[in-house]
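Here is the structure we will look at.
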Amino acid sequence: MIFNNDKAIYMQMADRLCDEIISGKYQEDERIPSVREYAVLLQVNTNTAMKAYDQLARDEIIYNKRGLGYFVKSGAKQKIMTARRSEFMEQHLPELFRNMQLLGIDINDVTKAWDKIKN
């Protein structure tokens, strides 16, 4: 994984695990890779991976079964999607609208582009 400098590495790792949950790679109550396995996979320090897992546990996305590892919490996918939709609507959409206005792009142009992408 290539990390960028605008966000802490452990947060980028947490985001990646959330992406994998949303995409269906990991289902509810399914085991995810161990902290050590994920650290090796992404070539990061185990402590960094542990911080990502701790954050996801605090956010109630994953839970730990003692001796068995970490699992995806029931309802995690919907919780992630709800949070990300809210973030998109509050943070990204206003900037997009501002750029559309500056460039003279109206919603019909966006709809046409969306239809091309979907098909």
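Remember, it's a predicted structure, so these values are computed and weren't measured experimentally.
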Closest contact, heavy atoms only, Arg31 versus Pro33: NH1-CA, 4.2 Å
Only counting residues at least two apart or in another chain, list the ones meeting side-chain hydrogen bond (donor to acceptor under 3.5 Å, both in side chains) with Asp115. none
Could you list the residues that satisfy side-chain contact (heavy atoms from CB on, under 4.5 Å) with Phe88, not counting sequence neighbours? His92, Leu93
I'd like to check Leu56 versus Cys18 (side-chain heavy atoms, cut-off strictly below 4.5 Å). Are they in contact? yes
Please report the interatomic distance CD(Glu30) to CD1(Ile21), rounded to the nearest 0.5 Å. 9.5 Å
Begin with the C-alpha distance, continue with both residues' side-chain angles, and end with the deciding distance and a verdict on salt bridge (charged side-chain N to carboxylate O under 4.0 Å, His left out) for Glu87 and Arg84. CA-CA 5 Å; Glu87 177 185 341; Arg84 287 191 174 179; 5.9 Å; no
Euclidean distance, Lys77 NZ relative to Met81 CE, rounded to 0.5 Å: 6.0 Å
Does CD belonging to Gln91 count more than 12 external heavy atoms closer than 6.0 Å? yes
Can you confirm whether Lys65 sits close enough to Phe71 that some side-chain heavy atom of one is under 4.5 Å from a side-chain heavy atom of the other? yes
If you look only at distance, which donor and acceptor atoms sit under 3.5 Å apart when one is on a side chain in residues 39-52 and the other is two or more places apart or in another chain?
| unit_1 | atom_1 | unit_2 | atom_2 | d |
| --- | --- | --- | --- | --- |
| Asn45 | OD1 | Asn47 | N | 2.6 |

Distance in Å, Ile61 CD1 paired with Ile80 CD1, rounded so as to fall on 0.5 Å steps: 4.5 Å
Transitively linked via ILVMFWY side-chain contacts under 4.5 Å: Met11 with Leu17? no
Taking side-chain hydrogen bond (donor to acceptor under 3.5 Å, both in side chains) as the test, write out the residues that go with Glu28, two or more places apart. Ser74
Hey, could you give me the CD1/OH distance between Ile62 and Tyr26, rounded to the nearest 0.5 Å? 11.0 Å
For residues 102-110, please give each side-chain donor-acceptor pair under 3.5 Å, one per line with the distance, not counting sequence neighbours.
| unit_1 | atom_1 | unit_2 | atom_2 | d |
| --- | --- | --- | --- | --- |
| Asp106 | OD1 | Asn108 | N | 2.9 |
| Asp106 | OD1 | Asp109 | N | 3.1 |
| Asp109 | OD2 | Asp106 | N | 3.2 |

Could you tell me which non-hydrogen atom of Gly24 sits nearest to which non-hydrogen atom of Gln27, and how far apart they are? O-NE2, 2.7 Å
Contacts of Tyr70 meeting side-chain hydrogen bond (donor to acceptor under 3.5 Å, both in side chains) (sequence neighbours excluded), chain-then-number -> none
Given salt bridge (charged side-chain N to carboxylate O under 4.0 Å, His left out), test Lys7 with Asp15 step by step and report yes or no. CA-CA 11 Å; Lys7 196 176 207 181; Asp15 287 345; 2.4 Å; yes
How about Gln55 and Arg58: does a side-chain donor come under 3.5 Å of a side-chain acceptor? yes
Main-chain N/O of Glu20 paired to Ser23 side chain as donor or acceptor, under 3.5 Å: yes
Does CG belonging to Asn5 count more than 12 external heavy atoms closer than 6.0 Å? no
Output the distance between atom CD (Gln12) and atom CZ (Phe3), rounded to the nearest 0.5 Å. 6.5 Å
Nearest-0.5 Å distance, OH of residue Tyr53 to OH of residue Tyr38: 6.5 Å
